[in-house]
Amino acid sequence: MLQPVFTAPVLPPVFADWFAVRGWSPRPHQLALIEHARQGESVLLVAPTGGGKTLAGFLPSLIDLAETPKRARKAALHTLYISPLKALAVDVARNLETPVAEMGLPIRVETRTGDTPTGRRQRQRHSPPDILLTTPEQFALLISSRDAARFFANVKAVVLDELHAMHNSKRGDLLALGLSRLQTLAPKHRRIGLSATVADPKPLQRFLVPQPISGEALSSIVIGKPGAKPKISILSSESYVPWAGHLARHTMPEILNAIKQAVTTLVFVNTRSQAERTFQELWRINDDNLAIALHHGSLAPEQRRKVESAMTRGALRAVVCTSTLDLGIDWGAVDQVICVGAPKGAARLVQRIGRANHRLDDPSSAMLVPSNRFEVLECEAARDAVLAGELDGEALRKGGMDVLAQHILGVACSAPFDAEALFAEVKSASPYRDLSRTDFDAAVDFVATGGYALKRYDRYAKLRQTPEGLWRIAHPRIAQQYRLNVGVIIEDPMIDIRLQSKGRPTGAGGRVLGKLEEYFIETLTAGDTFVFSGDVLRFEGIHENAAYVTRTNDPEAQIPSYNGGKFPLSTFLAMRVRQMLADPRQWKKLPHPVGEWLEIQQLRSKIPDEGELLVETFPRGRKNYLVCYPFEGRLAHQTLGMLVTRRLERLRMRPLGFVANEYALAVWALRDMSGVDMDALFSEDMLGDDLEDWLAESALYKRTFRNCAIISGLIERRSLTAEKTGRQVTFSSDLIYDVLREHEPDHILLRATYEDAATGLLDIGRLSGALTRVKGNITVRALDRVSPLAVPALLEISKEMVAGEAHEDILHEAEESLVAEAMSVD
Amino acid sequence: MTEKRVEVNGEELVLDSAGALWWPSERALVFADLHFEKGSFYAFKGQLLPPYDTRSTLKRMTALFDVYKPALAIALGDSFHDRDAANRLDEFERAQLASLGARAEWIWIAGNHDPVPPSWLNGTITEEVAIGGLTFRHEPSETEARGEVAGHLHPCKTVTRRGQSLRRRCFASDGRRLVMPSFGAYTGGLDVRDIALRSLFATDFFAYVLGRARVYAVAG
């Protein structure tokens, strides 16, 4: 597509003056967006951080509003800005006030987030501002209100920020559906999408415009000037690189040193537990008492806010943080970014680097700190990719049925709907463009009465049909219930961590330090210690959905983790790593211990070729091992481990367990597996019956089901009548899962769960692709001892979280251990 | 072997991995907390849970009847989730329940606040019953209750080994008294570490954890 050449559109004088006074000239992409807006076209702006992207999104609206005299305008919403983070919305609003005030424009700018007080929210509905900055969840709520049609009737523009982060997710689904509704309410509005650099912008261009019945429609696109290439260094040691683990303990002194040399540093890690651990380790050697803070999603909100405002004030030298600080907020003079552990994806790395130094034309700098040998390879691959300007693609999801159900209910809460018309509207949303009428009707049936075939709930229907055949909510209470539960961000079941008040018994209230996953708390007995919120805590007991703790000292305290990080190694990076491995000439740039590792692997076994699956078997101790190297990320390997173990059981190999990391899967068994037919073992037919059987039991799968059940509205997150007894308040979705599977295996929620699992926690889609690719390409090496490449995986066995799900074996072991203890004669 | 034999106040009992209790000398099968029609109760409140919990519970009860062929069946309270529950059973479920009712002598334990089983159902309704060395009631009593078999608390135990965890329903007993797991398909659980449960036992107790096909004894 030709990039049109624009003569500089004449900016209204007050705007031109404003730029001139600041010594700026408007950037080409800002002018381009103004021109597209004048033509009424929707457009995607792809540009790196710091390039005046946000202003580019708003200029067309500011100009439009400035050019229309105030008395000719009604008090009506003109522009809607939606961003994924409420803090971002607030931040942008603040930045927008500046030009508006400085130019003296009579434009009202307001925000609306979960934190906006009810009074202001009500007033916004009756007397809307010109520009409203909000989140996808608030947008969904506004769509569902009874005066939605009136509220949105005059909307001229929608600005979608950080679109790359939202579009290919359930939040993106909900947003797309909301926009399709808006299309009906305000047919003439145009959209601007703001995005960081992505490998393929087409899906975002589709997201921005209504899709036709057949074929596809794309928004226009403007590509901003790329920023200066970042400077990326990789901290390496020529003498020692750990074999496994994610701590990089050995590099702490150098990290601290780097912090000393800069003004403010962001130290990114991949998981909350790594954040806690790194924070502990840095403070252990922080003799100069530098102000180093901790920030992650499980800390109490006040704690997080304290850190955030300290950062803005410039009072901190460093913050150890997870991805909660990833997105666009400008926290002030961050001049250094350190990434501990592997970046997981080139795009993520670029975004993190972008946090340092928000001026576009100065190169940002970042230091990568790999914590083990394999991470060295990941870091090298990521750096090469970023410097080459290449980014990871992503597997595109279809719109979720659970999200659709939530949306349908929301639409009904606003006004009765016609199924035919709503179907056409929903189909115009890009994630739902392939939705069938049957599936849509199943979703409506689900919302109305739960979608049960064997025993109907007609008397408790949430939706009923009017005499004209429209669907309406059965009772106003349903709208209230809906509004309490809007959103698609589902947390794992969490428990409050309460500090036991001095002198009070366990269970008698106490300050809340934050929340931790229920799964972790379940594993503790009184006296166990763990690290959280920077403190060492002793578990005392639980009562009424809170865990009670006291402060203590224990150098051996464990760091809570659950299922490790949420992001596996991206396909794209995995491929680069494989290429690097397959080309010994590239090993030269690796630190000596790592190069040596690969050389010895080549000597004793082999280095896997790019397209093949290497399988090694060897005995060790009294067990036999099978280690394979698919390089498909931890999640896919976990799923593979489950399935391969079942098959090995059938082959009577007596498998005992397995462990998966980002590039390998290791299974151990009582029998020697060197004679197993590997083509059969790794055949993709394991994704048939074997997968079916396992899914019935899988805790990870049930977690996926739980998310669908909550998002779809089957289970409430929050209820109108909170029944707080001494027992658990939330309804366990596992119980429903079993019963539903038994009686109605084709239920819409079970199908939605399966589709989620393809790209979610089980990464079935990725595994399927891998198995198809390696078919006929499996190389086996029967070794007499462990290979160098297998060592990191085997070392994981003794670490905190063993991948895979607990079998009943552990019940057996626990019982035996009790018996042994009882029977011991010493 | 799906069972575990324990002694409570001198009486020998069999704990079945399905979550029921079998008393060989009395040929009695005991269930706790059936909560029939809990699903439809939630539906009435606005959460349209799958309406299949009752039939799922009945199916498992029937399987146990087939195995043990009891002379006496005791339902230890909260058998129906609410006062209207019995009216929400459909024909199929009513028939199943009536058929179980006909297969043994039935005792339905129901406390003051508990929904009363429907009149068409066979059996005696009472707040508590003492047989031999055992006393069956719904809620565990707070005073020292030797020989008590009770429900109401829905105990669960999480077993953790080598970083892996499994959470299952369990029986809880110290040889003097026993708390039963809940049997109903939609019944959740109270952690055995919760004060509400720990306080029942003077010292240590065992958690008899329900596995897929057998019961495991671990420290409570």
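Residue numbers start from 1 in every chain, and the chains themselves are labelled A, B, ... in the order their sequence lines are given, proteins ahead of strands.
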With rounding to the nearest 0.5 Å, note down the distance linking CG in A/Asp738 to OH in B/Tyr52. 15.0 Å
With a 4.5 Å limit on heavy-atom distance, are the side chains of B/Pro50 and A/His743 in contact? no
Minimum heavy-atom distance B/Arg88-A/Arg459, with the two atoms named: CG-NH1, 4.1 Å
Here the gap from A/Tyr457 atom OH to B/Phe44 atom CZ, rounded to the nearest 0.5 Å, amounts to 12.5 Å
Report which part of B/Lys157 has an atom under 4.5 Å of a heavy atom belonging to chain A: side chain, backbone, both, or neither. neither
How far does OG1 of B/Thr187 sit from CG of A/Leu735, to the nearest 0.5 angstrom? 6.5 Å
Give, as side chain, backbone, both or neither, the part of A/Tyr548 having an atom under 4.5 angstrom from any heavy atom of chain B. neither
With a 4.5 angstrom heavy-atom cut-off, is it the side chain or the backbone of A/Tyr452 that approaches chain B, or both, or neither? both
May I ask you to name which of A/Leu749, A/Leu524, A/Ile478 has the most heavy-atom pairs under 4.5 Å with chain B? A/Leu524
B/Asp66, CG: over 12 other non-hydrogen atoms inside 6.0 angstrom: yes
Less than 4.0 angstrom from a charged side-chain N to a carboxylate O is my criterion; do B/Glu37 and A/Lys455 meet it? yes
Testing the basics here: between A/Glu742 and B/Ser56, what is the closest heavy-atom pair and its distance to 0.1 Å? OE1-OG, 3.4 Å
Rounding to 0.5 Å, atoms CD1 (A/Ile715) and CG (B/Leu48) come to a distance of 11.5 Å
I'd like to know if the side chain of B/Gln47 reaches the main chain of A/Glu716, judged simply by a donor and an acceptor atom lying under 3.5 Å from each other, with no hydrogens or angles considered. yes
Could you go through A/Leu454 and B/Arg55, starting from their C-alpha distance and side-chain angles, then the distance that decides it, and tell me whether this counts as side chain to side chain contact (heavy atoms under 4.5 Å, CB included)? CA-CA 11 Å; A/Leu454 300 178; B/Arg55 57 185 69 190; 4.3 Å; yes
Straight-line distance of A/Leu740 CG to B/Leu49 CG, nearest 0.5 Å: 10.5 Å
Using non-hydrogen atoms only, which part of A/Ala448 is less than 4.5 Å away from chain B: side chain, backbone, both, or neither? backbone
